[in-house]
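Written below as structure tokens is the structure these notes are about.
All ligand and atom numbering here is 1-based and tracks the order in the structure.
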Amino acid sequence: MNWISWLVAEIFGLFFRLAPLRIKPGLYRIGTPDENAPVLVTGNYRLTVARLWKRLRSRNLYLLVADSGGINVWCASAGGRLTHHQVLSVLKTSRIEERVNHRRLVLPQLSATGIDGRQLHQRSGWHICWGPVYARDIPAFLDRNFQAIPPMRRVEYPLGARIEMALCWAFSLSFLALFLLSFLWPQAIPATIAIIFAASILFHLSLPLFRNLFRPYRRPSKIWPVEFESGGLQTLILLAIWVAAFILNTAGSIPLAESWKWALLMSIVLLTLTIDLPGSTPILKSGTHEDRHWNLVLDGNRCQGTGICREVCPMQCFDWAPSGKSMIHARPDDCIRCGACVVQCPVDALFFLDPEGNRLDVDLIRYRKVDIWGRRNVHVK
Ligand code: SF4
Ligand code: SF4
């Protein structure tokens, strides 16, 4: 890896983020690692590896790049593409155990939804250690003797990330619009692309203002196959578009057929951008996932106070109980049902209830991952 590869990965990562961007799996050296060097694991998403290299290039360590199908760590873990199988495979093929004199493996915190830490430990003999969420915190994490402070364990959606997400959605949708409109309505292409970029940036930048609108509903909707968590916003937008078309028609400023065509085109664009806006953020639950209505329960009688759930929770929903010997699920409204805590709890003290109040088997969460439709259909055991 060098600066040119980093720049290429950043540019491609921005515009083609929705497509897999692979780098060859295997062992990568950063600096000149010796037998005491830390061993970190990540997926083979090119942008992730480039960003890790940028943050860690002044360090000496080994980076084990597991085959996550060219998908980022969190999505690959949730979708069953990055599990203990892929990590075991890269551990074996890299022969890393011949290069270091310790057995401590630093896994990305966001892989905790997919990698079963206990299985990995039992099958490999390596001690598992959960690294921080962001690459920028890894140097401090290493300097603290592999300890992360709570802010390092929380996922954020700051301005820079929102702009990146807005641009990557706008670029992908513009590409599709360019292709389709070249056949159907070429004159509309420039204005459509301008509106796509403006709307995407507006939605993602203003997300904090209407974040509470997107919190998962407690009761499931039987009406829509894909739940319109952003239904209020979409209704307002569609109303505005069609009222504007009506006014323009009445005022006679645009021919009738043309204004309805524009209204239809803009409705499609804006519905596409907003249909699962929560799902394109890291801080809200996707409106298409079946587990959006599940409720997490912590059985205080079973909890042994290992603290692992607190380590892996990307929303930092857990606090220590006043006794300091067990955990409490202190912020359930922040929970995005990622399942990481359920997968990692060594005594199965954490589980989900479905909307009818039925307890879901923890193995369902551990070994069945989310498919593209948001259902737990991908078996990984
Ligand atoms: S991981 Fe399980 S046992 Fe450990 S603190 Fe959390 S709930 Fe308790
Ligand atoms: S509490 Fe919710 S957000 Fe946190 S790890 Fe568990 S399922 Fe994920």
#### Entry: Any donor-acceptor pair under 3.5 Å from Ser68 side chain to Gly43 backbone
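Checked: no pair found.
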
### Query
Contact between Ile336 and ligand 2, counting heavy atoms under 4.0 Å?
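Per 4.0 Å heavy-atom rule, Ile336 contacts ligand 2.
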
### Query
Taking only heavy atoms of Phe318, which atoms of ligand 2 are found under 4.0 Å from at least one of them?
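Heavy-atom distances to Phe318 below 4.0 Å select 1 (S).
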
### Query
Which of the atoms in ligand 2, numbered in the order shown and given with their element, are less than 4.0 Å from a heavy-atom of Cys313?
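Within the 4.0 Å cut-off of Cys313, ligand 2 contributes 1 (S), 3 (S), 4 (Fe), 5 (S).
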
### Message
I'd like to know if atom 4 (Fe) of ligand 1 has an N/O/S atom from Gln304 within less than 2.8 Å of it, counting both backbone and side-chain atoms.
### Response
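It does not; every qualifying atom lies at 2.8 Å or beyond.
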
### Message
Side chain, backbone, both or neither: which applies to His329 and ligand 2 if a contact is any heavy-atom pair less than 4.0 Å apart?
### Response
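Side chain only.
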
Among protein heavy atoms, which lies nearest [atom], and at what distance?
atom: atom 8 (Fe) of ligand 2; answer: Cys338 SG, 2.3 Å
atom: atom 6 (Fe) of ligand 2; answer: Cys341 SG, 2.3 Å
atom: atom 7 (S) of ligand 2; answer: Gly339 N, 3.3 Å
atom: atom 2 (Fe) of ligand 2; answer: Cys335 SG, 2.4 Å

Would you call [X] and [Y] a salt bridge, using N to O less than 4.0 angstrom?
X: Arg154; Y: Glu311; answer: no
X: Glu98; Y: Lys92; answer: no
X: Arg376; Y: Asp371; answer: no
X: Asp319; Y: Arg331; answer: yes

### Query
Mind checking whether atom 8 (Fe) of ligand 1 has an N, O or S of Cys309 under 2.8 Å?
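Cys309 does not place any N, O or S atom closer than 2.8 Å to atom 8 (Fe) of ligand 1.
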
Can you find a side-chain donor-acceptor pair between [X] and [Y] that sits under 3.5 Å?
X: Tyr134; Y: Gln109; value: no
X: Gln86; Y: Ser89; value: no
X: Thr48; Y: Asn72; value: no

### Query
Around atom CD1 of Ile4, are there more than 12 heavy atoms of other residues, nucleotides or ligands at under 6.0 Å?
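At most 12 heavy atoms, drawn from other residues, nucleotides or ligands, come within 6.0 Å of this atom.
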
Which of the atoms of ligand 1 are close to [X], meaning less than 4.0 Å from one of its heavy atoms?
X: Val347; answer: 3 (S)
X: Leu350; answer: 7 (S)
X: Thr306; answer: 1 (S), 3 (S), 4 (Fe), 5 (S)

### Task
Would you please indicate if the ring centroids of Tyr367 and His379 are separated by under 6.0 Å?
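Distance test on ring centres: not under 6.0 Å, no.
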
### Task
Between Pro346, Gly300, Gly307, flag the one that comes closest to atom 5 (S) of ligand 1 by a heavy atom.
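Nearest option to atom 5 (S) of ligand 1, by heavy atoms: Gly307.
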
### Ser326 heavy atom under 4.0 Å from ligand 1
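Outside the 4.0 Å threshold, so no.
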
